[in-house]
Protein chains: 2
Amino acid sequence: MNISIPDFFHALADETRLRCIALIHQTGELCVCELTHALGVVQPKISRHLAILKGAHILRDRRAGVWVYYHLPPELPGWMVKVLNDTVMSVRDQEPFCTDRKRLNEMPSRSQNGCS
Amino acid sequence: MNISIPDFFHALADETRLRCIALIHQTGELCVCELTHALGVVQPKISRHLAILKGAHILRDRRAGVWVYYHLPPELPGWMVKVLNDTVMSVRDQEPFCTDRKRLNEMPSRSQNGCS
DNA sequence: TATAGATATACGAATATACATATATGAACA
DNA sequence: TGTTCATATATGTATATTCGTATATCTATA
């Protein structure tokens, strides 16, 4: 499966999607309820944007019981990984990205397994 | 002047805009008629997209007589320059980007001064 | 001033996007 | 089977985007 270049940048052009990608890039893998809590937006909005990212082959999902985890596919082209690296390095200390990470880390069930 | 991150990626998410940026990145500076000829699209379409890029502070223009030249502003944030470098390195050997460059180099007035 | 060439903008139409809300699906378990 | 929780999708609405075409602006020069 190939990723179109406009699709790739279009994925990053929406703040909600970029926030999801940035958090997933920093943690490796997150489920929908973790993203919902970290970003503080309603769940259908998260699911819709994750579906767009999955459809563009920028994220892949993995179901584990009730939870669905999203991660970057390992075969993402190298230059796209570099773009994500540079982008996340730059935005991770800006709002709303740093608050997202803080809220994620404050989730009681984080750093254990399972979700809220 | 600050560039919003969504604006930056939105600029790259359109193929016409990415083709313009890629050519300008490779050459340093191009005028509207050079871009029009290289991409093979009508002039108002080029001007409209260049105006979007200028409005997002991703390109800057410089008038020289009848011609208007567009270039990347020197103070573009470093990580955005890195993103452009990685992107152009990757797409420069794919269509339609390599044909764009070929058509640009075939312009009789190129490598001299002035335009067609 | 009049003309020509280069560039910019205005306009209407078709299409796409993002959102909030409501509802559906799917898995686990009593 | 029925319920609950996590996630996905459908719907209607408001707004944005892109395009082709027509026209306006701007500069140089006669």
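Just so we're on the same page: letters track the sequence lines, and every chain starts at 1. No experiment lies behind these values; they were computed from the predicted model shown.
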Rounded to whole Å, how long is the line connecting atom [atom1] of [X] with atom [atom2] of [N]?
{"X": "A/W67", "N": "D/dA8", "atom1": "CH2", "atom2": "P", "result": "14 Å"}
{"X": "B/R62", "N": "C/dT7", "atom1": "CZ", "atom2": "P", "result": "12 Å"}
{"X": "B/E15", "N": "D/dC19", "atom1": "CD", "atom2": "C1'", "result": "15 Å"}
{"X": "B/H37", "N": "C/dG5", "atom1": "NE2", "atom2": "P", "result": "17 Å"}
{"X": "B/H10", "N": "C/dT17", "atom1": "NE2", "atom2": "C1'", "result": "10 Å"}
{"X": "A/L30", "N": "D/dT7", "atom1": "CG", "atom2": "P", "result": "11 Å"}
{"X": "B/L53", "N": "C/dA8", "atom1": "CG", "atom2": "P", "result": "12 Å"}
{"X": "B/Y69", "N": "C/dA6", "atom1": "OH", "atom2": "P", "result": "11 Å"}

Would you mind writing out the side-chain donor-acceptor pairs for residues 3-14 of chain A within the sub-3.5 Å range, not counting sequence neighbours?
| residue | atom | partner | partner atom | Å |
| --- | --- | --- | --- | --- |
| A/S4 | OG | A/D7 | N | 3.0 |
| A/D14 | OD2 | A/T16 | N | 3.0 |
| A/D14 | OD2 | A/R17 | N | 3.1 |

Atom pairs and distances, side-chain donor-acceptor, residues 91-98 of chain A, under 3.5 Å, sequence neighbours left out:
| residue | atom | partner | partner atom | Å |
| --- | --- | --- | --- | --- |
| A/Q94 | NE2 | A/S90 | O | 3.0 |
| A/E95 | OE1 | A/T99 | OG1 | 2.8 |
| A/E95 | OE2 | A/T99 | OG1 | 2.8 |

Please determine, for the side chain of [X], which listed nucleotide ([options]) has the closest atom?
{"X": "A/V68", "options": "D/dA6, C/dA20, D/dT7", "result": "D/dT7"}
{"X": "B/V32", "options": "C/dG5, C/dA28, C/dT7", "result": "C/dT7"}
{"X": "B/R63", "options": "C/dA6, C/dT21, D/dC26", "result": "D/dC26"}

Query raised in the report: Do you know which two heavy atoms are closest between B/L50 and B/V32, and how far apart they sit?
Result: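 What the structure gives for the nearest pair is CD1-CG2, 3.9 Å.
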Report summary line: On DNA chain C, more 5' by nearest nucleotide between A/A64 and A/I52 is A/I52
Check side-chain contact (heavy atoms from CB on, under 4.5 Å) between [X] and all other residues, then give those that pass, not counting sequence neighbours.
{"X": "A/V68", "value": "A/D61, A/R63, A/Y70"}
{"X": "B/P44", "value": "B/V42"}
{"X": "A/A64", "value": "A/R62, A/Y69"}

Requested in this report: Please work out which residues in residues 43-51 of chain B have a non-hydrogen atom less than 4.0 Å from an atom of DNA chain D and list them by number.
Outcome: B/P44, B/K45, B/R48, B/H49
Query raised in the report: Are B/L76 and B/V83 in one and the same hydrophobic cluster, where Ile, Leu, Val, Met, Phe, Trp and Tyr link if side-chain heavy atoms are under 4.5 Å apart?
Result: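 Same cluster: B/L76 reaches B/V83 through Ile, Leu, Val, Met, Phe, Trp or Tyr contacts under 4.5 Å.
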Requested in this report: Please determine if a side-chain N or O atom of A/Y70 lies less than 4.0 Å away from the OP1 or OP2 oxygen of D/dA6.
Outcome: no
